[in-house]
Amino acid sequence: MFKLLKNIIKTEPHAPLVIRFDEIPPWLDKRGKEVFEVLSKNTVSPMKVIREVVKNLEQIVQTLRAAQFDAEIHPKLKSIAKNALPQFAKAMETALSKPLPEDIEGFYTTAAEILKGCLNSTRGQGKYLQTVFPEDMRSVRIGIDAIGREINAMTEALAPFRREMANITEARKTYGALVDIEKDTEKSREKEIRIHQRIQAIRDRVGACELELRALERDEAVHALNNHRRTLQSMTEERDRTIRRYTVLSMTASHVLRKAEKLTHKRHKSTDERTLRHAMVLLSDHAVPDSGDIAQALTAACPIAKRMIDEGDINLKNKEERALFTAPEQFIGEITTICTMFIDQTQQCDAAEHALHSHPIVARSEELIREKSQLEMMCAREEQSCSDIIKWHDELQKNIPSLREKLQKMVGEISGNDVQVQYSQVFTPSQGG
């Protein structure tokens with residue numbers, strides 16, 4: 001029979017709470033107000049009682065301050081009580097003087113401090129007054145016990161309130177995290193669109209550069225320019241051959257002159273040493289010397305070295321050295337001619353190169369090539385930025401399912417019911433890119 005009645009009066013399960021995502025903040029606000037109203041209702045009486053008890057205790061303490069000691073009290077006990085009473089009264093007054101705030105949490109904290117102060121006072125100096133003022137101290141204990149009971153009542157009311165408000169706060173944080181993801185997602189999509197637009201604009205410009213370069217390659221003047229390039233290449237190769245010959249001669253001569261310079265230093269022939277060193281400095285310089293300077297320096301230095309060779313002080317080790325110093329005049333003439341030739345060839349190459357690069361077609365081609373290279377680097381940077389945004393966006397989306405699950409759980413715990421949160425089409429964990 002009981003089972004039948006139970007089935008008859010059994011309530012139907014509540015339908016799930018269906019709520020749109022943007023409705024959650026006002027719903028949480030409303031829920032918070034409701035919870036606070038319950039707390040206020042459950043604490044109004046304890047708070048009132050505590051205020052009254054505090055006032056009553058203040059009066060009791062004032063009465064104790066003015067109390068007269070019974071003549072029959074043992075002198076020693078009376079002496080102890082006289083010393084303890086002012087200290088007890090002062091400690092109680094200090095505790096009871098704390099202003100009780102209007103807000104519940106503040107009231108609760110202050111009331112607990114008052115209770116602690118009163119307890120410490122009665123357990124301290126107050127214990128010496130129990131025998132001397134039994135009724136007054138009994139009233140004090142009754143008041144303190146009353147405060148303790150009302151604080152316990154407030155504790156029972158505050159515990160579920162705090163749990164509920166902690167859940168509401170956590171739900172708000174989770175909601176905020178989802179909103180931040182939504183905003184960041186929109187911003188990243190907008191930024192991605194702008195980057196794609198810049199990439200397309202850069203690619204369009206690169207294409208325009210390539211078209212213009214191909215058009216320049218088909219220009220009628222290109223044939224003449226190619227001939228000019230071939231001529232310049234031939235001139236450059238001839239100049240390079242000249243400098244290679246100069247390098248061989250100068251290195252070979254320097255090697256022999258260095259031996260001669262060491263001997264003059266050893267023999268303290270400072271004039272010959274300076275002459276040889278000057279020629280070596282010109283030969284070892286990174287720039288080809290003036291033909292007149294090198295001719296003068298070698299004309300002075302070579303006879304000194306030739307004399308040492310002839311006297312057997314210097315041994316020539318290869319045919320190149322023997323070829324140079326067997327007939328020094330011929331060597332000096334050749335290297336002087338090479339210097340003059342190299343300077344002329346360099347000037348001719350520079351003039352031809354300047355003329356080539358100054359040609360409108362070449363100048364424009366080089367300008368387009370530089371622009372195209374810069375654009376391609378810019379495009380690579382933009383593509384990398386786009387890739388980074390897509391990666392960041394994808395990582396961001398991975399947080400959405402767990403946050404949604406957490407939000408739904410928190411709202412469910414707050415409402416005490418199953419919850420279905422409806423999200424807008426915009427706010428979906430879509431794929432990046």
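If you're wondering where the values come from, they're calculated on a predicted model, not measured in any experiment. Heavy-atom basis, side chains included; hydrogens, waters and symmetry copies ignored.
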Using 4.0 Å as the upper bound for N to carboxylate O, is an ion pair formed by R172 and D29?
yes

Can K90 and E93 be counted as an ion pair, charged N to O under 4.0 angstrom?
no

Between CZ on residue R245 and CG on residue L249, distance to nearest 0.5 Å:
4.0 Å

Are the charged groups of E273 and R277 less than 4.0 angstrom apart, N to O?
yes

Exercise: identify the closest heavy-atom pair between A295 and T336:
CB-OG1, 3.5 Å

I need the I144 CD1 to S139 OG distance, nearest 0.5 Å.
11.0 Å

Short side-chain donor-acceptor distance under 3.5 Å, E156 and N152
no

Hey, are K183 and E190 close enough for a salt bridge, meaning a charged N less than 4.0 Å from a carboxylate O?
no

Determine the minimum heavy-atom distance between C118 and L96, stating which atoms define it.
SG-CD2, 3.8 Å

Going by side-chain contact (heavy atoms from CB on, under 4.5 Å), name the residues that satisfy it together with M410, two or more places apart in sequence or in a different chain.
N167, E170, A171, K406, E413

Scanning both residues in full, the closest heavy-atom pair of A301 with L276 reads O-CD2, 3.7 Å

Which atom of L282 lies closest to which atom of A297, heavy atoms considered:
CD1-CB, 3.6 Å

Residues R189, E192: salt bridge by 4.0 Å N-O rule:
no

Among E105, M47, R149, which one satisfies side chain to side chain contact (heavy atoms under 4.5 Å, CB included) with M154?
M47

In residues 32-39, what donor-acceptor pairs under 3.5 Å come from side-chain atoms, sequence neighbours left out?
none

Enumerate, atom names and distances included, each donor-acceptor pair closer than 3.5 Å involving a side-chain atom of residues 52-60, sequence neighbours excluded.
none

Taking the side chain as everything from C-beta on, heavy atoms only, tell me whether Y246 gets closer than 4.5 Å to M341.
no

Donor-acceptor pair between Q345 and T242 side chains, under 3.5 angstrom
yes

Quick check: closest heavy atoms across R51 and P101, and the distance to 0.1 Å?
NH2-O, 3.1 Å

Look only at the side chain of N120 and the backbone of K116, and say whether a donor-acceptor pair between them is shorter than 3.5 Å.
yes

Measure the shortest side-chain to side-chain distance between Q397 and I181 over non-hydrogen atoms and say whether it is less than 4.5 angstrom.
yes

Flag if over 12 foreign heavy atoms under 6.0 Å of CD, E383
yes

